[in-house]
Amino acid sequence: MNSSENDIPYSFEVTATAAELHETHADLCPDERSGVSVSVAGRLMLRRVQGRICFGTLDDASGRRIQLFATQTDTNEYRSFARLSVGDWVGAAGEVIKTRRGELSVEVSTWHLLAEARRPFPDKWHGLADIDARYRRRYVDLWVSPESRLRLQTRSRMISSMRRLLEEKGFIEVETPMLHPIAGGAAARPFVTHHNSLNCDFYLRVAPELYLKRLVVGGLSKVFEIGRVFRNEGLSPRHSPEFTMLELYQAYADYRDIMELTESLISEVALASVGTTEVIAGDQILNLAPPWRRVGMEEVVAEVTGCELTADLDAAEARRTAAKLGVEVEAGSSAGQVLSEVYERVVEGTLLGPVFVCDFPVEVSPLARRHRSRAGLVERFEAVAAGRELANAFSELTDPDEQRGRFAFQGQSAGQDECEPATIDEDYLSALEYGLPPTGGLGIGIDRLTMLLCATESIRDVIAFPTLRPTPAEEGEPAEQRQATCS
RNA sequence: GCCCCCGUAGCCUAGCCCGGUCAAGGCAGCGGACUUUUAAUCCGUUGAUCGUGGGUUCGAAUCCCACCGGGGGUACCA
């Protein structure tokens, strides 16, 4: 089609969606007319010209499609209509009818081209098979692959129900900095960026944890944040350099309270977003309805491996047990580190769940409070479903002196890696010195939860625009030049 | 970072293993027929230096090397 912008209207009044029409006119019989006039708009996905009549399939992203029925006698500009391309945006007005073959349709009397698809759409039947193209040109993928659109819709419903549930429970949503002078709250390699007028480097946050707990010190006793965090590490079907986390903190609560909160939150979010607590995990089905099983890490490791491996074991003996199980550990590893390593390597992946794996070794949990009765462990749990970590939570460590000691210990091990800034967050310690009440904290990976609810295996499927290597065209002019023109 | 696999017209694929009328088919596009189609159908037709660059060879989509992009695995990831 040859169209100029002059031919395109500035607005178009839509009076019905395809989904609404299918609902309202479900009882129309074949070859029956409704007498109702509507106007619809969307993308033309198929077109069948039959001489003096023409059928088109309109997709308006409402979840259903509606057929457009045009005839030479009744349709304005019929000849042009019959020449529309697959992918063109069309607004059409006319009576709702059912064709002789029983397909609900809008019999087009007037119509407008709303946007021309100048680039050809992918194969109407096969769609986009090239995975790279699906991620790089998601705007095409969303039309061609309904399941892609569905996943983003599910994600949206999930997050909005999560907000609603937390607000109902008295939590307030807050926003903490993304630019951190010190990358804290998780042991991940950060992205570094530079602020020109302050002339200093910042790290993109790897977790909001330390700032959220500062707010609890400040008296905001139930806070949560849903936001992006950034980790400069490898990509995989389960890891994206930027991903979305929910973190929440509740004063006066311990990790047992947080378990109850977690299982109710996740099961209700599942109900609200996919309508069921049963989700498919490979060839199995798991049920997210509470209560979830609670089991100690030491117990679940014994259960799965048949080996007694506890945090208070002699370190050398623990390492021998790991070797027997085929798990490589570093030479000087403590029993707690070995326990955690064996759990992650051989146990976690086998757990269908949902299950709370509780009481982690203190060495791998620098921000969690010591267990009230078990030596060498902390009050921490991970929620596991389909062999993957869904949530991580603990009774927060509130003692500033012990926190300083834990940071120092982490600094020693992190110091071996020259890329890891091992700076201690003195301001956070000072916040603790002003007093953090007993607090329970929780982190949920939103992308992983979406994957579980959508039964998909790749994190890229639940992120609209996943991180990819830029194409040469996207890299554009060199950074130095850009900086010079901006400053 | 390392290992394995993939890259053919706008889209989906065949050909690659055993180099030589192999650059093929379908959809889309373009021209034509058609008043009830559902990936409409029928007739005709345009379109690809086979990811890029080297090499081997009389001859390479096909074999070799490097690079680019992607996928999977692995490593890093309190």
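Since the model is a prediction, treat every value here as computed from it, not as a measurement. Residue numbering restarts at 1 for every chain, and letters A, B, ... go by the order of the sequence lines.
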- Return no unless some side-chain N or O of A:R65 is found under 4.0 Å from OP1 or OP2 of B:U38. no
- Side-chain N or O of A:R48 closer than 4.0 Å to phosphate OP1/OP2 of B:C27: no
- Message: When you measure only distances, ignoring hydrogens and angles, does the side chain of A:Q50 come within 3.5 Å of the base of B:U36 through a donor and an acceptor?
- Response: no
- Message: Only pairs with both distances under 3.5 Å count, Watson-Crick or wobble alike; so what is the partner of B:A24 in this structure?
- Response: B:U13
- Taking NZ, NE, NH1 and NH2 as the nitrogens, is one of them in A:R138 or A:D141 under 4.0 Å from a carboxylate oxygen of the other? yes
- Expressed in whole Å, how much space separates the C1' atoms belonging to B:U45 and B:G25? 16 Å
- Message: By nearest atom, which of the nucleotides B:G71, B:C34, B:G69 is closest to the A:R136 side chain?
- Response: B:G69
- Query: Quantified in whole Å, what is the P atom distance between nucleotide B:G51 and nucleotide B:U8?
  - Reply: 6 Å
- Calculate, to the nearest 0.5 Å, the distance between atoms CD and CG belonging to A:Q403 and A:L436 respectively. 9.5 Å
- Query: If you count the non-hydrogen atoms of other residues, nucleotides and ligands that lie under 6.0 Å from CD1 in A:I280, is the total more than 12?
  - Reply: no
- Message: Just to be sure I understand the rule, does A:V49 reach a base, reach only the sugar-phosphate, or reach nothing, if contact means heavy atoms closer than 4.0 Å?
- Response: base
- Task: Measure the acute angle between the ring planes of A:W111 and A:F81, then classify it against the limits of 30° and 60° as parallel, tilted or perpendicular.
- Result: perpendicular
- Query: Starting at the 5' end of RNA chain B, which residue's closest nucleotide do you reach first, A:T71 or A:P366?
  - Reply: A:T71
- Item | Separation of the C1' atoms in B:A23 and B:G59, to the nearest angstrom | 16 Å
- Can you list every ring-ring contact (aromatic ring centres under 6.0 Å, His included) pair that touches residues 375-402 of chain A, not counting sequence neighbours? A:F356-A:F381
- Task: Would you mind listing every salt bridge (Lys or Arg N to Asp or Glu O under 4.0 Å) that reaches into residues 24-41 of chain A, with sequence neighbours excluded?
- Result: A:R33-A:E95, A:R33-A:E107
- With C1' as the reference atom in both, quote the distance from B:C18 to B:G31 in angstrom, rounded to an integer. 43 Å
- Task: Can you tell me, in whole Å, how much space there is between the P of B:C50 and that of B:G55?
- Result: 16 Å
- Query: Rounded to the nearest 0.5 Å, what separation is found between the CG atom of A:L212 and the CD atom of A:E247?
  - Reply: 6.0 Å
- Message: Please classify the nucleic acid contact of A:Q67 as base, sugar-phosphate, or nothing, using heavy-atom distances under 4.0 Å.
- Response: base
- Pick base, sugar-phosphate or nothing for A:V86, based on heavy-atom distances below 4.0 Å to the nucleic acid. nothing
- Message: If I pick the P atom on B:C4 and the same atom on B:A66, what distance separates them, to the nearest angstrom?
- Response: 11 Å
- Query: Distance between the C1' atoms of B:C22 and B:A48, in whole angstroms?
  - Reply: 13 Å
- Query: Would you say B:G31 has OP1 or OP2 under 4.0 Å from some side-chain N or O of A:R83?
  - Reply: yes
Which protein N or O atoms sit under 3.5 Å from an N or O of nucleotides 8-10 of chain B?
none

